[in-house]
Amino acid sequence: MPTPTAPAFLRPALAPGLLGAIVLTVGAFLLDSPTFTIVRFAVAILALIMLVFAWRGRTWWALPVLAAIAVIWNPVAVVPLSGQPWAALQFAGAVAFVVTGVLVKVPTEQAAGDARPARRR
């Protein structure tokens with residue numbers, strides 16, 4: 001029986017991307033609610049987490065997309081959007097989160113050629 005090999009890359013942005021898509025989809029129904037501030041916080045934080053993973057994975061096209069999501073959903077400096085355009089942005093952001101989460105690949109240490117010595121036991 002052959003020994004399984006370690007994967008050459010990981011998809012660390014997939015979990016925050018799916019979680020962000022869920023938050024944005026639920027947030028589309030809470031647009032006029034005071035709890036939408038919580039949605040803004042969650043989306044901005046998840047976008048920044050994914051931005052770090054995109055940077056580590058050298059997925060350069062995802063950086064401006066995730067930065068724009070973090071700025072538009074920023075709860076501190078609120079972008080004055082409302083109505084149908086804001087609802088459409090909720091779903092567009094959800095799609096961007098899922099696509100980015102699937103396409104961002106971060107190489108594992110072995111694939112990146114990390115030459116650190118192994119730990120001694």
Side-chain angles (χ1 to χ4, degrees):
M1 186 156 206
T3 306
T5 59
F9 61 87
L10 301 174
R11 294 186 196 274
L14 185 59
L18 294 175
L19 184 60
I22 292 168
V23 170
L24 282 169
T25 304
V26 170
F29 300 105
L30 300 173
L31 288 176
D32 297 328
S33 171
T35 59
F36 188 69
T37 304
I38 297 169
V39 172
R40 285 182 181 266
F41 270 109
V43 170
I45 290 168
L46 289 169
L48 292 173
I49 289 170
M50 290 181 65
L51 187 104
V52 171
F53 290 138
W55 178 270
R56 286 184 54 214
R58 299 176 190 238
T59 312
W60 307 121
W61 62 266
L63 298 179
V65 172
L66 294 170
I69 290 173
V71 168
I72 292 172
W73 275 271
N74 183 0
V76 177
V78 177
V79 176
L81 290 172
S82 62
Q84 291 295 338
W86 189 234
L89 275 176
Q90 293 289 115
F91 293 110
V95 170
F97 265 157
V98 171
V99 169
T100 304
V102 169
L103 296 179
V104 168
K105 298 176 186 177
V106 177
T108 58
E109 293 175 356
Q110 295 84 12
D114 194 4
R116 287 185 288 176
R119 287 186 184 176
R120 294 185 185 183
R121 293 184 184 179

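Bear in mind the structure is a predicted one, so any value in this text is a computation, not a measurement.
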Where is the tightest heavy-atom contact between Trp55 and Leu63, given as atom of each residue plus distance?
-> CE3-CD1, 3.6 Å
Trp73/Val79 under side-chain contact (heavy atoms from CB on, under 4.5 Å): CA gap, chis, key distance, verdict | CA-CA 7 Å; Trp73 275 271; Val79 176; over 6 Å; no
Would a hydrophobic clustering, with Ile, Leu, Val, Met, Phe, Trp and Tyr connected at side-chain separations under 4.5 Å, put Val95 with Leu103?
-> yes
For Val99 and Trp61 the tightest heavy-atom approach is CG1-CH2, 4.5 Å
Could you state whether Ile49 and Val76 fall into the same hydrophobic cluster, counting links through intermediate Ile, Leu, Val, Met, Phe, Trp or Tyr residues with side-chain heavy atoms under 4.5 angstrom apart?
-> no
Compare all side-chain heavy atoms of Gln90 with those of Leu31 and state whether any distance is below 4.5 angstrom.
-> yes
Enumerate donor-acceptor pairs with a distance under 3.5 Å from any side-chain N or O in residues 8-28 to protein atoms, sequence neighbours excluded.
from, atom 1, to, atom 2, distance (Å)
Arg11, NH1, Val102, O, 2.3
Thr25, OG1, Ala21, O, 2.7

ILVMFWY cluster, Val39 and Phe41 together (side-chain gap under 4.5 Å) = no
If you look at every heavy atom in Gly57 and Pro107, which pair is closest and at what distance?
-> CA-CD, 4.5 Å
I would like to know whether Leu66 and Thr100 meet side-chain contact (heavy atoms from CB on, under 4.5 Å); could you show each step before the answer?
-> CA-CA 9 Å; Leu66 294 170; Thr100 304; 3.8 Å; yes
Any idea which heavy atoms bring Val104 and Phe53 closest together, and the distance?
-> CG1-O, 3.6 Å
Using the side chain to side chain donor-acceptor pair (under 3.5 Å) rule, collect all pairs that involve residues 28-54, keeping only residues at least two apart or in two chains.
-> Ser33-Thr35
Residue pair Ala70 / Ala44: nearest heavy atoms and the distance that separates them | O-CB, 4.0 Å
Does Trp86 share a hydrophobic cluster with Phe97, counting links as ILVMFWY side-chain heavy atoms below 4.5 Å and allowing steps through other members?
-> yes
So with a 6.0 Å cut-off around CZ of Phe91, is the heavy-atom count from everything else above 12?
-> yes
